[in-house]
Amino acid sequence: AAEVETEFDLDSCSAEAVALLDEAFTHAKTYGGKVNEISDVITREQLREAMKFLDFDLSDEQARLLFDYMDRYKCGKVDFTQFARGVLMPLPGQPSVASFSIGIDDDVQDCAVDHLFKTMDEDGDGRIQLREMQEVLSGMFPGWSPESLLPLFREMDEDDSGYVDREELTNYLERARILHK
């Protein structure tokens, strides 16, 4: 399956989540005395500072991978939207950074879950069908066959309705300890 590229809509996030990310981004811009107010971008080194501000202490390799993912235009710098997208959207083959949210605000988690739900709810009917989950996840995780996702879908579908709603997705993520509560 081809890699799935989803659009990121910062407006779908709560004002509190955006404010927290903005605070981390602004903090990072001043790291090491390298204030970057004119261009409003951060470097990889500054990204590590932003992530520390959000209670993530990334290794050099983790920082490189995350920065490379955020730096969509490969210019060595990321702007605020690229930063927010990288924190809230999954890396190919990985859950989103926000899903490992030991110190992350609930509003940021909610925004990440909303984005994941909207990504998998391809037809926008407010529920995830098996076919939708198979198409999206097998595109994001090429090693996963559509058939291998059936047990996961059944586990998520708590009421055996044949679809997963947002509450069931959230419940599953909490049970799997991907979200903290």
- Full working for side-chain hydrogen bond (donor to acceptor under 3.5 Å, both in side chains) between Ser161 and Asp159: CA-CA 5 Å; Ser161 61; Asp159 60 3; 2.9 Å; yes

- What's the verdict on side chain to side chain contact (heavy atoms under 4.5 Å, CB included) for Arg166 and Asp114, showing C-alpha distance, side-chain angles and the deciding distance? CA-CA 8 Å; Arg166 190 191 184 289; Asp114 281 342; 2.5 Å; yes

- Item | Test log, rule side-chain hydrogen bond (donor to acceptor under 3.5 Å, both in side chains), inputs Asp71 and Gln82 | CA-CA 7 Å; Asp71 185 14; Gln82 291 170 312; 4.8 Å; no

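Salt bridge status for Lys29 with Asp40: present, with a side-chain N to carboxylate O gap under 4.0 Å. Comment: Asp60 does not engage Arg64 in a salt bridge, judged by the lack of any side-chain N to carboxylate O separation of less than 4.0 angstrom. Using a 4.0 Å cut-off between charged side-chain N and carboxylate O, Asp68 and Lys74 make no salt bridge.
Under the side chain to side chain contact (heavy atoms under 4.5 Å, CB included) criterion, Thr26 pairs with Asp22, sequence neighbours left out.
Note on Val136 and Leu150: same hydrophobic cluster, where clusters join Ile, Leu, Val, Met, Phe, Trp and Tyr whose side-chain heavy atoms are under 4.5 Å apart, directly or indirectly. The same ILVMFWY cluster, assembled from side-chain heavy atoms under 4.5 Å apart, contains both Leu152 and Leu169.
Contact record, Gln46 with Val41: OE1-O, 4.2 Å, taken as the closest heavy-atom pair. The minimum heavy-atom distance between Gly126 and Phe117, with the atom names listed, is O-CZ, 3.3 Å. Summarising the geometry of Ser148 relative to Pro151, their closest heavy-atom pair is O-CD, 3.5 Å, with the distance given to 0.1 Å. For Gly162 against Phe153, the heavy-atom pair with the smallest separation is O-CZ, 3.5 Å.
The number of heavy-atom neighbours closer than 6.0 Å to CD of Glu167, taken from other residues, nucleotides and ligands shown, is 12 or below.
Judged purely by distance below 3.5 Å, without hydrogens or angles, the side chains of Arg85 and Thr81 never pair a donor atom with an acceptor atom.
Counting only heavy atoms from C-beta outward, the side chains of Glu147 and Gln134 never approach each other to under 4.5 Å. Proximity of Val164 to Gln129: side-chain heavy atoms (C-beta onward) are nowhere separated by under 4.5 Å. Taking 4.5 Å as the limit, every side-chain heavy atom of Met120 sits out of range of all side-chain heavy atoms of Glu132.
Between the CD1 atom of Ile42 and the CG atom of Asp79 there is a distance of 9.5 Å, given to the nearest 0.5 Å. In this structure, the separation between CZ on Phe67 and CZ on Arg48 is 13.0 Å, given to the nearest 0.5 Å. Taking CD of Glu168 as the start and CD of Glu158 as the end, the distance is 5.0 Å to the nearest 0.5 Å. Separation of atoms CE (Met133) and CE (Met156) is listed at 5.5 Å; rounding is to 0.5 Å. One finds the CG atom of Leu149 at 8.0 Å from the CG atom of Leu130 (value rounded to the nearest 0.5 Å). Arg127 contributes atom CZ, which lies 9.0 Å from atom CG of Asp121 (distance to the nearest 0.5 angstrom).
Aromatic ring orientation, Phe25 versus Phe80: perpendicular (interplanar angle above 60°, classes split at 30° and 60°).
For the pairing with Leu47, the side chain to side chain contact (heavy atoms under 4.5 Å, CB included) check across Leu66, Val78, Val87 returns one residue only, Leu66.
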